[in-house]
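Just so we're on the same page: letters track the sequence lines, and every chain starts at 1.
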There are 2 protein chains.
Amino acid sequence: MISPAEKRAPISRIEKLCIDKGMKMTGQRRVIARVLSESSDHPDVEELHARATAEDPRISLSTVYRTVRLFEEAEILDRHDFGGGRARYESVLHGHHHHLIDVDTGDVMEFEDERHEQIAREIAERYGFDLVCHRLELFGRKRGSRT
Amino acid sequence: MISPAEKRAPISRIEKLCIDKGMKMTGQRRVIARVLSESSDHPDVEELHARATAEDPRISLSTVYRTVRLFEEAEILDRHDFGGGRARYESVLHGHHHHLIDVDTGDVMEFEDERHEQIAREIAERYGFDLVCHRLELFGRKRGSRT
DNA sequence: GTAAATGCAAATTATTTGCAATTAG
DNA sequence: CTAATTGCAAATAATTTGCATTTAC
C-alpha cells in the first residue's frame, strides 16, 4: 500500500527557497518547510513541532528551534512577538503586512496600508535613517465586548 | 555629616502616582519609582536594579521584577520588546510615542506622528474593533553606514 | 567520505514563586 | 497589629548547546 512514490512529497515553496540558497535538505527540514509553507497563521515553535511530528514523528523540538532560527537568518521567516512569551513565525512569502491583535482572544488579523508605509519611510528619513523594516501592531477589543 | 533630612528624598513623579493609587510605599518601591522617574531611556530590569542599588543597596532583583510588574498593571509603566530577550520599560508619563531603533547600535529614538494615530484608529474601526493600544516600531540604519 | 544536521539531555536566560522575616499604615 | 512586601533560594518557561550518532551531497 505504501508505494515508494509516497515518500517523495512535492517540493514546497519554502523548500524551493532553501534549495536556491544551497541548504542541505534533510527530511526534517523538508517537513518543517512544508508545514510553514502551508500555514497561513502565526504558529509558535511548540505548534510547529506538533504539526511537523504529525507528518513525521522523528523530528525533535531542538531541530524545530534550530530550523526556525536558520530560516529567520536566511530571511525566509519573520519572527513576531505578540505577547504570551513565545515567538511566533510566518513565512515572508506571505508578504509585507501588519497585525491587529484581539486582546481578549489572541486572534491575529492581517492588514496592509500604503499610507502607513509612506509615513514610516518619511519618519526614518527625517532622522537620517534608511528604513530596514518596521512593524505596526494594533491591539483592540471587539466593539461591544463588555469588560 | 549625614543629617536626618537626607533620608527624606523628595517625592518623585511616579511615587506621587503610586500614592494616589493607594499603594504601600516601601523604601525600595520609593527608590525604584524615583529611578524610573529620572530615566529618559528604556532600561531593562537588570539595568533598573543596578540604578536602584546604586541609591540603596538593599533592593533585590526579585523586588525590581515585582515592582515593574505592579507598575505595569497599574498603567504607570509601558513595557517594550525591542529584541534582545529582555523586556524594557519606560514611564507612561513620557507620553504616547513610537520608536525608531538603530539596528546597528540598538539606540532608540522616540517620535510622535498624528497622521499615524489617525490611521491606526481608522483601521481598527474598519475591523469592528476599539483600539486598546498600538505600537509602531521602525528599524533603520544610519544613512551612509556601510554593510 | 566528510562536513553539516540531528536527538537527547544538560545548560542558559529571563522571569516567577514559596516561605519565613520585615515593615508600612 | 496585621496584611502587604521583601529577600533568598528554588522553580518555571522558553530557548540554546555539547556531543555522539546519522545523513545529505
[X]: what forms a side chain to side chain contact (heavy atoms under 4.5 Å, CB included) with it, not counting sequence neighbours?
X: B:Asp44; answer: B:Glu46, B:Glu47, B:Arg86, B:Arg88
X: A:Phe139; answer: A:Ile101, A:Val103, A:Glu137, B:Cys133, B:Arg135
X: A:Phe129; answer: A:Ala124, A:Tyr127, B:Leu100, B:Asp102, B:Met109, B:Lys142

For [X], all residues meeting salt bridge (charged side-chain N to carboxylate O under 4.0 Å, His left out), sequence neighbours excluded:
X: B:Arg121; result: B:Glu114
X: A:Asp56; result: A:Arg58
X: A:Arg115; result: A:Asp113, B:Glu122
X: A:Lys21; result: none

Item to check | B:Ser62 vs A:Glu46, nearer the 5' end of DNA chain D by closest nucleotide | outcome: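 Looking at the nearest nucleotide for each, B:Ser62 comes out on the 5' side.
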
Extract all donor-acceptor atom pairs below 3.5 Å that involve side chains of residues 22-34 of chain A and protein atoms in other chains or at least two apart in sequence.
from: A:Thr26; atom 1: OG1; to: A:Arg29; atom 2: N; distance (Å): 3.1
from: A:Arg29; atom 1: NH1; to: A:Lys24; atom 2: O; distance (Å): 3.0
from: A:Arg30; atom 1: NE; to: A:Glu15; atom 2: OE2; distance (Å): 2.8
from: A:Arg30; atom 1: NH2; to: A:Met25; atom 2: O; distance (Å): 3.1
from: A:Arg34; atom 1: NH1; to: A:Glu55; atom 2: OE1; distance (Å): 2.2

Contacts under 3.5 Å, N or O only, protein and nucleotides 19-21 of chain D:
none

Item to check | Lys/Arg N to Asp/Glu carboxylate O, B:Asp130 vs A:Arg143, below 4.0 Å | outcome: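 A salt bridge is present here (some side-chain N lies under 4.0 Å from a carboxylate O).
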
Item to check | Difference in axis direction between the ends of the helix from C:dT12-D:dA14 to C:dG25-D:dC1, five pairs, 10° | outcome: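 Answer rounded to 10°: the end axes differ by 30°.
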
Next on the checklist: Do A:His49 and A:Thr53 have side chains that approach each other closer than 4.5 Å (heavy atoms only, starting at C-beta)?
Outcome noted: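 Side chain of A:His49 against side chain of A:Thr53, heavy atoms only: contact under 4.5 Å found.
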
Checklist entry - Under a criterion of less than 4.0 angstrom to any heavy atom of chain A, what are the 5'-terminal and 3'-terminal contacting nucleotides of DNA chain C? => result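 Contact boundaries, 5' end first: C:dA3 to C:dA9.
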
Checklist entry - Among residues 16-45 of chain A, which residues get a heavy atom nearer than 4.0 Å to DNA chain D? => result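 Heavy-atom cutoff 4.0 Å gives A:Lys24, A:Met25, A:Thr26.
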
Checklist entry - Does A:Arg69 put a side-chain nitrogen or oxygen below 4.0 Å from OP1 or OP2 of D:dT16? => result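 So the side chain of A:Arg69 is within the cut-off, an N or O lying under 4.0 Å from OP1 or OP2 of D:dT16.
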
